[in-house]
Structures are given as C-alpha cells and as structure tokens.
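Owing to the predicted nature of the structure, the values given are computational and were not obtained by experimental measurement. Chain A is the first sequence line, chain B the second, and so forth, proteins listed ahead of strands; every chain is numbered from 1.
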Amino acid sequence: MSLGNSFGLCFFHSLLSQLQTKAVKSSLLVFRRLLQSNLKPSDLTFSLLIKASASSSFASNSLKPKLEANQIHTHLFKSGIIQLAYIRTGLLNLYVNLGCVKNARFLLDEMPGRDVVAWNALISGYSKNGYDFLAFNLFIEMVREGFRPQATTLVGLVPSCGRLELAFQGKSIHGIGVKTGLDRDSKVKNALTSMYAKCGELEGAEILFEEMVEKSVVSWNTMIGAYGQNGLFVEAMVLFKKMRAQAVEANYVTVMSLLSANADHETIHCFAIKSGIVNNASVVTSLVCAYAKGGDSESAELLHKSLSHDNLVSLTALISSYAETGNMDKVVVCFTRSRQLDMELDAVAMVSILHGVKNPAYIAIGLAFHGYGIKTGLCIHCLVTNGLISMYSRFNDIEAVLSLFLEMQEKPLISWNSIISGCVQAGRAGDALELFFQMMMYGYVPDAITIASMLSGCSQMGYLQYGKKLHCFILRNNIEMEDFISTALIDMYIKCGSIELAERVFRGIKEPCLATWNSMITGYGISGFENKALNGYTELRKRGLKPDKITFLGVLAACIHGGNVDKGRRYFQIMTEEFVWGALLDGCCIHQEVKLGEYLAKKLYLLDHTNGGLYVSMSNLYASEGMWDDVARVRQIMKDTGGDGSSGASLIELTS
DNA sequence: GCACTGTGTA
C-alpha cells in the first residue's frame with residue numbers, strides 16, 4: 001500500500017512538474033485527480049502545485065487563478081503543511097504574482113520563524129505590483145528586525161527607486177551595496193544601472209555599466225534601454241552594434257528596447273526574423289505597437305493576426321492606431337473581436353477609443369462606449385472620465401462635461417486641465433477662467449498645459465492684461481517655453497492686438513517649430529504686416545521646415561489683407577505645384593469654408609477622381625457645419641463609386 | 001531588462 005502510494009504520488013508529481021513548463025491546464029485539476037485516487041499529498045506535492053500555478057498565473061486578468069490560489073491556501077491550511085517556511089513562501093510568491101499583496105502580507109506577518117527569503121519575496125512583490133513605498137517601508141522593517149539584506153533583496157527593491165525617481169534612496173541602497181559587498185553581484189549592478197537611468201542620471205548608469213567585467217545580455221539590454229529612455233536613440237543603436245561586435249546574442253528584450261528607442265521598426269523587424277526572435281509574443285506585440293504608432297495600421301493588423309493568443313496590449317495598439325485617424329468603423333470591428341474572445345477592455349483601450357470619436361457622425365458610437373464604460377465600471381478611472389470630458393467638449397456639450405467633472409471623486413490636475421481646455425475649445429473661455437480660479441483655490445499649481453489652455457482662452461476674450469499675468473507666471477516658474485507654450489503666448493499677444501510683444505516672444509525662441517512660425521505668419525497677416533508675413537514664409541523654407549495647410553492659409557490671408565492679388569496668386573501657384581490641393585481642402589474644414597471647399601473638391605476631382613480621401617474631407621467639412629443632408633449625399637456617392645475613402649482594396653477596384 | 005494611455009499651440 002505504501003509502495004503504491006509512493007508510485008502514485010510520483011506519477012502525479014511528474015505530471016505537476018510538466019505543467020510548470022507547459023502551463024496549459026489547471027494544475028488544480030491534476031491535484032483533485034490525485035485526491036480522488038485516495039493518495040495523500042506530501043509537502044513536495046504542494047510545492048510542485050504552487051510552482052505550476054505560479055507559472056500559469058501570469059498575464060491573466062481573470063478571477064480564476066486567484067480563486068485557485070485560495071483553494072490551495074485552504075488545502076495547505078487544513079493539512080498543516082502551511083507551517084513549513086518554504087511552502088509558505090511559495091504561496092506568498094503565488095499571491096504576489098497574482099497581485100494579491102494583502103494576502104501575501106498576511107502570510108508574512110503570521111509566519112512563525114520567517115526567514116530572509118520570505119522578506120525578499122514580499123519586498124520584490126510590492127515592487128513588482130507598483131507599491132513602491134510599501135516595498136521601501138518593508139525593507140526598513142526587515143533591517144530593523146535584524147535581518148541582513150541579500151543580493152536578491154536589493155534586486156527586488158532597487159526598481160522601486162527607479163520608478164519613483166527616488167534617486168536619493170536609490171543611492172542609499174547603492175551605498176548599502178558597497179558597504180556589504182553585495183554590489184559586486186552582477187544582478188545588483190544591472191538593477192542599479194537601470195535605477196540611475198530611470199532617475200535621469202545617465203552618467204551613474206554609464207559608470208556602473210563600464211565597471212562590469214562580465215556583461216551579460218541583461219546588462220547590455222539595460223544600458224540600451226537606459227539610452228532609449230533618456231532620448232539618446234543614436235547611442236542606443238551604437239551600443240547595440242557594440243554588443244553584436246562582442247558576439248553577445250540578442251534576445252527578445254533587446255528587440256523591445258531597440259523598438260522603444262525609436263529604432264526603425266522595419267529594420268528591427270528584419271533583425272527579429274533573421275535571429276529567430278520573431279516568434280516571441282512580446283516582440284510581436286511591440287512590433288504591432290511600433291507599426292501602429294507609425295500609422296501603418298495594415299501591417300500592424302497583419303502582425304496582430306499572427307499572434308497565437310490575442311492579447312490586450314496588441315489589440316489596444318491596433319485600436320488606438322485606427323482611432324488616431326478617426327476610423328471608428330475599424331475600431332468597432334476590433335472591439336467586437338475582443339468581445340467574441342471574451343476579453344474585457346481596460347481603461348487604456350477605452351481612452352484610445354474615446355480619443356477617436358472626433359467626427360460628429362460617430363457621436364452615437366461615442367455614447368455607446370460611454371454606456372459600455374458605465375456597465376463595466378471603467379468609468380470610475382479618472383483616465384476614462386478625462387477621455388469622456390474631451391470627447392463631449394469636442395462636440396461642445398459643456399453640460400455633459402460639467403456633470404462628468406462634478407461627479408469625479410478625485411480631481412487630479414490633469415482633470416482640471418481636461419475641463420479647462422474643454423471649455424476653451426467650446427468657446428466658453430469665461431467658464432474656463434472661473435474653473436481656473438476654482439482650481440487655484442483648491443491649491444493646485446497650474447502646469448504648462450493649464451497655461452497653454454488659459455492663454456488660448458485669453459486670445460478668445462482679448463484679455464491682454466490677464467495674458468500678461470500668465471506670461472509672468474511662466475517666467476517666474478521656469479515653465480518650458482518651447483513649442484506649445486510659446487505658440488500659445490504669441491497667438492495670445494496677436495489676438496489681443498499686441499504684435500510687438502508677440503514679436504519679442506518669437507525672437508526669444510532659438511528653434512521655432514512649424515506651429516510657432518505659423519502663428520507668427522498668421523499674426524503678421526492679420527495685423528497688416530504683409531511683407532513680414534511673406535518674409536516669415538521664406539525664412540521658414542530656408543530653415544528646411546515643410547509648410548502645411550495652416551502656413552498656406554496664413555500666407556494667403558496676408559496677401560488678401562494687403563490687397564496684393566498678384567502675390568497671392570503666385571503663392572497659390574507654389575502651393576498647388578509643390579504640395580497637394582488636399583491640404584488646402586482640409587484647411588477649409590478648420591475655417592469652415594464650405595464654398596471654397598466645394599470649389600477645391602471639384603478641382604481635385606478633375607485631377608484625381610480615384611482619391612477617396614477627397615470625399616472624406618468633404619464629408620467632414622459638411623459635418624463640421626452640421627449640413628447633414630450633404631454629408632449623406634457625399635456618403636452615398638462614396639458607396640456608389642465603391643470607395644469608402646480609406647481602404648486600399650477599393651482603390652484597386654476603381655483603377656482596374 | 002519590455003510593449004498599449006488621457007490634458008496643450010497655429
């Protein structure tokens with residue numbers, strides 16, 4: 001009998017250890033089978049059971065693994081095996097992997113003779129789950145109780161300092177490492193390198209990296225990532241080449257780090273194929289994200305389909321790339337697919353979708369997603385509420401915006417920013433100003449984004465005095481003056497009638513971006529400085545910037561204002577010869593010039609009647625003016641000609 | 001060691 005028992009157990013043990021690597025079916029199922037066979041599980045059985053559950057519990061959002069962990073916990077409790085330290089730590093680790101840090105904490109607190117391994121498990125558990133302060137406090141508690149930290153302790157704790165950008169605490173840990181000699185451990189060195197990089201102290205990272213005698217692939221990856229995170233993309237690539245030169249084999253993290261360091265995704269894709277890393281799901285997901293970000297939704301979708309298991313991150317990237325271009329039909333298709341797979345969207349995906357609801361024609365879809373958000377509880381996230389606020393403010397529904405805002409339980413700065421910019425965009429600068437004062441009364445300090453919105457509000461109302469106060473605020477608080485803020489500031493001074501002050505701001509900028517040039521050119525135009533506007537255009541071209549629709553409208557407005565028809569005609573010719581007419585048509589959407597738009601659309605049709613984008617632009621233009629009958633008419637034409645304006649397939653049909 | 005995300009200018 002006892003021999004039978006040990007044979008039976010051996011059989012189930014080997015089954016459980018196979019599950020660890022395959023991680024397919026529920027390990028608990030195997031365990032139940034074992035109990036049904038009247039076998040008595042030993043501590044080894046439980047150890048294997050816990051390990052098998054832990055390896056299959058990752059990347060799952062569902063409740064099932066958590067319930068399974070609870071069941072294992074119960075069995076352990078009933079059999080008394082939970083008293084064994086190594087079993088208890090295993091269970092603690094399982095809870096940590098499932099994100100149940102409270103249960104893990106309970107296990108540590110009630111542990112009779114807890115050892116340093118248990119402390120390590122919970123410290124790194126807190127850190128992994130983003131409870132950075134708890135991780136730090138636990139470390140202090142551990143040291144106070146007289147435990148000596150190990151290399152594993154530091155490896156678990158140091159990432160928390162990087163995430164919180166607690167450089168000082170990170171350095172203290174580094175100090176402890178030096179004192180105890182633990183810093184000689186290569187894992188500790190890698191963790192510290194990453195911490196310095198995340199805190200923006202690249203020099204520290206470089207020193208540690210150079211110091212390492214034996215650089216593993218993890219070390220190289222860490223340093224490549226360090227450069228990438230700090231915007232030094234060329235350095236990241238150079239280091240990758242060095243790594244290759246030293247014959248260190250790249251792995252999936254290398255590929256992902258390079259992708260996030262803005263490396264050309266097609267090149268990296270080739271490299272991944274050649275080195276056989278392309279089968280890795282994380283790499284494919286990152287590639288989907290890279291293609292999606294680059295606007296190549298088609299390639300992104302192809303890659304996404306090649307994944308054996310659909311995952312939310314990849315799907316979200318795909319959804320957001322469709323949403324970015326306002327292609328809500330595709331977004332809905334992706335959403336439907338996620339429902340069929342029984343995948344629940346998260347707040348990040350929801351936000352991407354809401355971002356895509358720009359065209360008034362899709363307002364019903366926006367409302368439907370609002371409903372979905374309420375039903376699923378996603379609306380509790382302030383991320384989602386901010387998305388809803390922006391969506392409703394795009395449609396000037398300020399009442400909806402205000403009620404959403406009032407219902408928010410916590411109102412972080414970003415939500416104030418959402419609602420203030422929402423009011424400004426809806427042309428209600430007065431309300432924006434009132435909210436701005438309220439925000440200040442609550443003790444919030446405005447950031448660059450608040451200021452940019454408020455400046456835009458001042459332009460609307462012509463509040464020069466208040467605009468000047470905001471300018472002072474920017475100077476006093478050393479708020480970054482480039483691009484957004486300076487453009488808004490210039491625009492404010494122009495709209496408030498002070499071209500001189502606008503010029504002064506403009507001259508203070510070293511490298512004005514296109515938007516800044518545009519606002520200055522437009523400003524000169526409407527203030528009657530036609531020549532200065534045209535000089536601005538020449539200067540901008542000299543600097544190698546590519547003018548866009550707003551530049552052209554600014555230049556044309558300057559010519560019209562100066563009554564200089566000939567010059568206007570000449571610039572108009574340059575635009576039509578060098579750039580597409582379509583840019584001008586989209587420009588009409590911004591200024592809601594329906595008549596001019598129709599004229600341009602006819603011209604464009606003669607040039608290229610297969611251009612589906614033409615109909616889309618016209619439909620958008622009509623929609624922006626609320627001319628719904630005309631929108632319907634254009635859509636009917638699109639249907640009749642078989643072009644839906646976006647799919648490549650229909651274009652092939654038309655030309656064949 | 002890694003991927004998806006909101007608020008801002010013309």
Side-chain angles (χ1 to χ4, degrees), chain A residues 155 159 162 187 190-191 193-194 197-198 216-226 228-229 251-261 280-290 292-293 300 311-321 323 345-355 381-391 393 412-422 424-425 447-456 459 482-492 494-495 512-523 548-551 553-554 587 590:
Chain A
V155 172
K187 282 182 185 150
N190 290 334
T193 308
S194 162
K198 293 229 166 81
S216 68
V217 63
V218 177
S219 321
W220 288 97
N221 289 346
T222 307
M223 203 56 218
I224 291 173
Q229 286 151 20
N251 67 8
Y252 75 99
V253 179
T254 322
V255 172
M256 292 171 80
S257 304
L258 286 168
L259 283 173
S260 64
N280 180 290
S282 297
V283 167
V284 179
T285 304
S286 296
L287 280 168
V288 170
C289 298
K293 255 193 196 157
N311 76 71
L312 196 57
V313 172
S314 170
L315 190 71
T316 306
L318 199 57
I319 286 177
S320 68
S321 85
L345 293 189
D346 66 355
V348 176
M350 230 345 228
V351 165
S352 313
I353 292 173
L354 294 174
H355 200 63
H381 291 260
C382 79
L383 209 81
V384 174
T385 312
N386 289 331
L388 285 166
I389 288 177
S390 336
M391 182 187 83
S393 44
L413 181 65
I414 237 165
S415 303
W416 286 97
N417 285 348
S418 289
I419 193 162
I420 287 172
S421 82
V424 171
Q425 278 169 37
D447 66 357
I449 292 168
T450 330
I451 302 294
S453 301
M454 285 311 298
L455 283 170
S456 169
S459 316
E482 297 302 310
D483 297 355
F484 268 102
I485 289 278
S486 50
T487 308
L489 202 54
I490 289 167
D491 184 59
M492 182 277 293
I494 289 166
K495 299 258 171 72
C513 70
L514 185 65
T516 314
W517 278 105
N518 285 349
S519 63
M520 208 56 228
I521 289 172
T522 312
D548 67 355
K549 51 204 172 194
I550 295 166
T551 324
L553 286 170
I590 295 167

Student: Compare side-chain N and O positions of A:His381 against OP1 and OP2 of B:dT5 and report whether any pair is under 4.0 Å apart.
Tutor: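 For A:His381, the contact criterion (side-chain N or O under 4.0 Å from OP1 or OP2 of B:dT5) is not met.
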Student: In whole angstrom, give the distance that lies between atom CG of A:Asn221 and atom C1' of B:dA3.
Tutor: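 In whole Å, B:dA3 C1' lies 14 Å from A:Asn221 CG.
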Student: Taking the side chain of A:Asn417 as heavy atoms from C-beta outward, which of B:dG6, B:dT7, B:dA10 is closest to it?
Tutor: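 Among the listed nucleotides, the one closest to the side chain of A:Asn417 is B:dT7.
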Student: Considering only B:dC4, B:dC2, B:dA10, which nucleotide approaches the side chain of A:Ser320 most closely?
Tutor: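 In terms of side-chain proximity for A:Ser320, the closest of B:dC4, B:dC2, B:dA10 is B:dC4.
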Student: What is the separation between atom CZ on A:Phe484 and atom P on B:dG8, rounded to the nearest whole Å?
Tutor: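 Nearest whole value for this atom pair: 9 Å.
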Student: Could you state the interatomic distance from CE (A:Met492) to OG (A:Ser486), rounded to the nearest 0.5 Å?
Tutor: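 Output value for this atom pair is 12.0 Å.
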Student: What nucleic acid atoms does A:Cys382 come within less than 4.0 Å of, heavy atoms only: base, sugar-phosphate, or nothing?
Tutor: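 Base contact.
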Student: Grab the CG-P distance between A:Asn518 and B:dT9 for me, whole Å please.
Tutor: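 After rounding, the reported distance stands at 14 Å.
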Student: Between A:Asn190 (CG) and B:dG1 (P), how many Å, whole number?
Tutor: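 After rounding, the reported distance stands at 7 Å.
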Student: For a quick check of understanding: with a heavy-atom distance under 4.0 Å over all strands, which category does A:Thr450 fall into, base, sugar-phosphate or nothing?
Tutor: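 No contact.
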Student: Using the salt bridge (Lys or Arg N to Asp or Glu O under 4.0 Å) criterion, which residues pair with A:Lys495? Sequence neighbours excluded.
Tutor: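 Scan of A:Lys495 (salt bridge (Lys or Arg N to Asp or Glu O under 4.0 Å), adjacent residues dropped) gives A:Asp491.
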Student: Counting side-chain heavy atoms from C-beta on, which of B:dC2, B:dG6, B:dC4 comes nearest to A:Ala317?
Tutor: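 Looking only at heavy atoms from C-beta outward on A:Ala317, the closest nucleotide is B:dC4.
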Student: Go through the side-chain N and O atoms of A:Asp548 and A:Thr551 and say whether any donor and acceptor fall under 3.5 Å apart.
Tutor: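 Note: A:Asp548 and A:Thr551 side chains meet the donor-acceptor criterion.
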Student: Using the side-chain heavy atoms of A:Ala515, tell me which of these nucleotides is nearest: B:dG6, B:dT7, B:dT9.
Tutor: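 So the side chain of A:Ala515 is nearest to B:dT9.
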Student: Looking only at side-chain N and O atoms, does A:Ser421 come under 4.0 Å of OP1 or OP2 in B:dG8?
Tutor: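 Checking B:dG8 against A:Ser421, a side-chain N or O does come within under 4.0 Å of OP1 or OP2.
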Student: Using a heavy-atom cut-off of 4.0 Å across all strands, would you classify A:Asp447 as base, sugar-phosphate, or nothing?
Tutor: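 No contact.
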Student: Using whole Å, what does the distance between atom P of nucleotide B:dG6 and atom CD1 of A:Ile389 come to?
Tutor: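 Rounded to the whole Å, the gap is 15 Å.
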Student: In whole angstroms, how far is the C1' atom of B:dT5 from the CE atom of A:Met391?
Tutor: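 From A:Met391 CE to B:dT5 C1': 17 Å.
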Student: Base, sugar-phosphate, or nothing: which does A:Thr316 touch, judged by heavy atoms less than 4.0 Å apart?
Tutor: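 Base, at least one base heavy atom under 4.0 Å.
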Student: Of all the choices, B:dG6, B:dG1, B:dC2, which nucleotide is nearest to the side chain of A:Ala191 once you look at every atom?
Tutor: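 Side chain of A:Ala191 sits closest to B:dG1.
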Student: Roughly how many Å is it from CG in A:Asp346 to P in B:dC4, rounded to a whole number?
Tutor: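 Distance, rounded to whole Å: 13 Å.
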Student: With the side chain of A:Asn386 defined as its heavy atoms from C-beta on, choose the nearest nucleotide among B:dG6, B:dG8, B:dG1.
Tutor: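 The answer is B:dG6, which lies nearest to the side chain.
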Student: Hey, does the side chain of A:Lys198 come within less than 4.0 Å of B:dC2's phosphate (OP1/OP2), counting only N and O?
Tutor: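 For B:dC2, OP1/OP2 do have a side-chain N/O of A:Lys198 under 4.0 Å.
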Student: Look at A:Gln229 and B:dG1 and indicate whether a side-chain polar atom (N or O) is within less than 4.0 Å of OP1 or OP2.
Tutor: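 No.
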Student: Identify whether any heavy atom of A:Thr522 sits under 4.0 Å from a base atom; if not, whether one sits that close to sugar-phosphate; answer base, sugar-phosphate or nothing.
Tutor: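 Contact class for A:Thr522: none.
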Student: If we ignore angles and hydrogens, is there a donor and acceptor under 3.5 Å between the side chains of A:Thr516 and A:Thr487?
Tutor: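 Checked: A:Thr516/A:Thr487 side chains pair up, N/O donor to acceptor below 3.5 Å.
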Student: Measuring from the side chain of A:Met256 (C-beta onward, heavy atoms only), which nucleotide among B:dA10, B:dA3, B:dC4 has the closest atom?
Tutor: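 From the listed options, B:dA3 comes nearest.
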Student: If only atom types and distance count, is the side chain of A:Ser456 paired as donor or acceptor with the main-chain N or O of A:Ala452 below 3.5 Å?
Tutor: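 Judged by distance alone, no pair lies under 3.5 Å.
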Student: What nucleotide among B:dA10, B:dG6, B:dG1 has an atom nearest to a side-chain atom of A:Val218?
Tutor: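 The closest nucleotide is B:dG1.
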Student: Do A:Asn386 and A:Asn417 have side-chain N/O donor and acceptor atoms under 3.5 Å apart?
Tutor: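 The criterion, which ignores hydrogens and geometry beyond distance, is not satisfied for A:Asn417 and A:Asn386.
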Student: So if I take every side-chain heavy atom of A:Ser282 and compare against B:dA10, B:dT7, B:dC2, which nucleotide ends up nearest?
Tutor: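 Nearest to the side chain of A:Ser282 among the choices is B:dC2.
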Student: Which whole-number value in Å describes the distance from A:Ile485 CD1 to B:dT9 P?
Tutor: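 Roughly 10 Å, once rounded to whole Å.
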Student: Report the residues that fulfil side-chain contact (heavy atoms from CB on, under 4.5 Å) with A:Asn221, sequence neighbours left out, ordered by chain and then residue number.
Tutor: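 Listed in chain order: A:Val217, A:Met243, A:Asn251, A:Val253, A:Thr254.
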Student: Report the nucleotide, chosen from B:dA3, B:dA10, B:dT5, that has the shortest atom-to-atom distance to any side-chain atom of A:Thr487.
Tutor: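 From the listed options, B:dA10 comes nearest.
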